[in-house]
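Just so we're on the same page: letters track the sequence lines, and every chain starts at 1.
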Protein chains: 2
Amino acid sequence: MDPVNERRSDCPISLSLEVFGDRWTLLVIRDLMFKNRRQFRDFLRAEEGIASNVLADRLRRLTDAGIVTKTQHLTDARRSIYRLTQKGVELAPILIEIVLWAARHERTAAPAEELAQLRDDRAHVIASIRNAHVGEPETPT
Amino acid sequence: MDPVNERRSDCPISLSLEVFGDRWTLLVIRDLMFKNRRQFRDFLRAEEGIASNVLADRLRRLTDAGIVTKTQHLTDARRSIYRLTQKGVELAPILIEIVLWAARHERTAAPAEELAQLRDDRAHVIASIRNAHVGEPETPT
DNA sequence: CAGGATCCGTTTCGATACTG
DNA sequence: CAGTATCGAAACGGATCCTG
């Protein structure tokens with residue numbers, strides 16, 4: 001057998017199941033990362049139809065895990081703004097690989113142009129995600 | 001705002017939630033990919049303690065999805081051998097990114113040496129995974 | 001009105017025991 | 001050894017209520 005596999009064969013690999021073992025958690029991260037959603041109601045409008053109690057729970061877990069931050073809207077005190085932390089932004093390579101895999105193997109609605117950008121200009125995509133979250137103290141809309 | 005984000009803002013991104021929304025599914029794939037597990041009992045011995053009915057269900061779903069194949073052991077008819085298909089092998093980049101992210105952000109038990117290999121010699125790692133699954137009709141042990 | 005919390009019927013999950 | 005049957009526990013979805 002290949003020595004690479006040999007050596008790896010009993011490796012205790014961590015998969016961060018808190019994040020990846022849950023359907024809704026992943027969808028929230030996707031919405032933050034690729035759809036620029038920032039407020040509670042934005043996530044509620046996700047195509048997949050998340051319930052408000054489930055959403056609140058996942059946002060709390062993500063902030064507890066240091067993946068998301070919650071701040072107040074500057075002018076409207078009612079609104080909360082959710083953003084990815086640096087740790088959260090660094091999930092981008094994973095999400096990108098998932099999207100590319102899904103595009104290759106399942107029929108997906110993602111336009112070919114955007115997929116090509118994810119594949120060929122990964123660094124730029126990630127930089128712009130970071131810019132929209134970590135580097136942006138201002139509030140959208 | 002960055003035009004990259006602008007354009008991506010309403011993209012219907014598919015995440016293959018059948019695979020990634022579930023904790024046990026991901027663990028089974030990890031065991032196939034990094035721990036060379038092939039038989040039902042091997043997966044049962046996972047540190048995380050999967051139940052037999054859950055394991056049977058997840059293996060069935062994965063074979064239905066074309067990610068795993070199930071064949072009979074050549075000499076012992078009772079035994080089933082599970083392997084990744086090409087589609088399954090192509091999940092490797094995702095798993096690798098997850099492991100690397102977890103190693104950076106959570107305390108993980110994975111040895112530094114193996115992590116470095118995952119990071120720096122990705123092509124070789126993936127090739128050896130493919131070799132151990134798609135290219136190997138023989139049965140282990 | 002936005003962001004949640006609470007209650008509750010229903011579905012899904014998973015631990016254990018059991019079978020071919 | 002490789003699964004299935006059973007059944008209690010947990011999660012989910014949906015409605016509604018609450019609070020600033």
Side-chain angles (χ1 to χ4, degrees), chain A residues 15 17-32 35-65 67-84 138-141, chain B residues 15-32 35-65 67-84 139-141:
Chain A
L15 283 184
L17 294 169
E18 304 243 337
V19 179
F20 298 100
D22 183 74
R23 161 197 179 83
W24 295 118
T25 303
L26 213 53
L27 286 175
V28 169
I29 294 172
R30 177 204 61 182
D31 287 350
L32 279 163
K35 305 197 175 190
N36 292 309
R37 300 199 174 150
R38 293 291 180 274
Q39 300 178 40
F40 198 88
R41 56 175 175 172
D42 297 334
F43 301 107
L44 272 187
R45 282 194 285 91
E47 306 67 49
E48 290 84 358
I50 188 171
S52 69
N53 56 348
V54 177
L55 175 57
D57 176 73
R58 296 307 191 276
L59 285 170
R60 196 179 320 109
R61 286 197 218 181
L62 283 170
T63 52
D64 289 349
I67 291 170
V68 162
T69 57
K70 174 182 179 178
T71 59
Q72 290 306 113
H73 192 285
L74 290 182
T75 62
D76 186 348
R78 290 176 307 179
R79 300 187 193 176
S80 296
I81 306 293
Y82 294 94
R83 281 198 207 78
L84 292 169
E138 280 309 308
T139 57
T141 309
Chain B
L15 284 184
S16 276
L17 293 169
E18 304 242 338
V19 179
F20 297 101
D22 182 73
R23 160 196 180 84
W24 296 117
T25 303
L26 212 54
L27 286 176
V28 168
I29 293 173
R30 177 203 61 179
D31 287 350
L32 279 163
K35 306 197 175 188
N36 292 309
R37 298 196 175 153
R38 294 291 180 276
Q39 300 179 41
F40 198 88
R41 55 172 176 176
D42 298 333
F43 300 108
L44 273 187
R45 281 194 286 93
E47 306 67 50
E48 290 84 0
I50 189 171
S52 66
N53 59 343
V54 176
L55 175 58
D57 175 74
R58 297 306 190 276
L59 285 171
R60 195 178 320 108
R61 286 198 218 179
L62 283 169
T63 52
D64 288 351
I67 291 169
V68 161
T69 57
K70 175 183 180 178
T71 58
Q72 288 308 112
H73 192 285
L74 291 182
T75 62
D76 185 347
R78 289 177 310 180
R79 298 189 194 174
S80 295
I81 306 294
Y82 294 93
R83 281 200 208 77
L84 292 169
T139 58
T141 306

Pick out the pairs of N or O atoms, protein on one side and nucleotides 1-5 of chain D on the other, that lie under 3.5 Å.
{"from": "dC1(D)", "atom 1": "OP1", "to": "Arg41(B)", "atom 2": "NH1", "distance (Å)": "3.0"}
{"from": "dA2(D)", "atom 1": "OP1", "to": "Gln39(B)", "atom 2": "OE1", "distance (Å)": "3.3"}
{"from": "dA2(D)", "atom 1": "OP2", "to": "Arg41(B)", "atom 2": "N", "distance (Å)": "3.0"}
{"from": "dG3(D)", "atom 1": "OP1", "to": "Lys70(B)", "atom 2": "NZ", "distance (Å)": "2.8"}
{"from": "dG3(D)", "atom 1": "OP2", "to": "Tyr82(B)", "atom 2": "OH", "distance (Å)": "2.5"}
{"from": "dT4(D)", "atom 1": "OP2", "to": "Arg60(B)", "atom 2": "NH2", "distance (Å)": "3.1"}
{"from": "dT4(D)", "atom 1": "O4", "to": "Ser52(B)", "atom 2": "OG", "distance (Å)": "2.8"}
{"from": "dA5(D)", "atom 1": "N6", "to": "Asn53(B)", "atom 2": "ND2", "distance (Å)": "3.4"}

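Applying the side chain to side chain contact (heavy atoms under 4.5 Å, CB included) criterion to Leu17(B), with sequence neighbours excluded, gives Arg23(A), Leu27(A), Leu15(B). With sequence neighbours left out, Arg60(B) forms a side chain to side chain donor-acceptor pair (under 3.5 Å) with no residue at all. Residues forming a side chain to side chain contact (heavy atoms under 4.5 Å, CB included) with Arg58(B) (at least two apart in sequence, or on another chain): Asp22(B), Trp24(B), Thr25(B), Val54(B), Arg61(B). A search for salt bridge (Lys or Arg N to Asp or Glu O under 4.0 Å) contacts involving Asp42(B) returns Arg45(B), not counting sequence neighbours. For the side chain to side chain contact (heavy atoms under 4.5 Å, CB included) test, residues two or more places apart in sequence or in another chain that qualify with Asn53(A) are Ala51(A).
Within the 4.5 Å cutoff, the side chain of Ile81(A) has heavy atoms near those of the Gln39(A) side chain. At least one side-chain heavy atom of Tyr82(A) sits less than 4.5 Å from a side-chain heavy atom of Lys70(A). A heavy-atom distance below 4.5 Å is found between the side chains of Val19(A) and Ile29(A).
For DNA chain C, the outermost nucleotides in 5' to 3' order that have an atom under 4.0 Å from a heavy atom of chain A are dC1(C) to dC7(C).
As judged by a 4.0 angstrom heavy-atom cut-off over every strand, Arg58(B) is placed among residues touching the sugar-phosphate backbone only.
A sub-4.0 Å separation between OP1 or OP2 of dA11(D) and a side-chain N or O of Trp24(A) is absent.
At its two ends the helix from dC1(C)-dG20(D) to dG20(C)-dC1(D) runs along axes set 30° apart, each axis drawn from five pairs and the angle rounded to 10°.
Contact record, Phe43(A) with Val28(A): CE2-O, 3.9 Å, taken as the closest heavy-atom pair.
When each of Arg78(A), Gln72(A), His73(A) is checked for a side chain to side chain donor-acceptor pair (under 3.5 Å) with Asp76(A), only Arg78(A) meets the rule.
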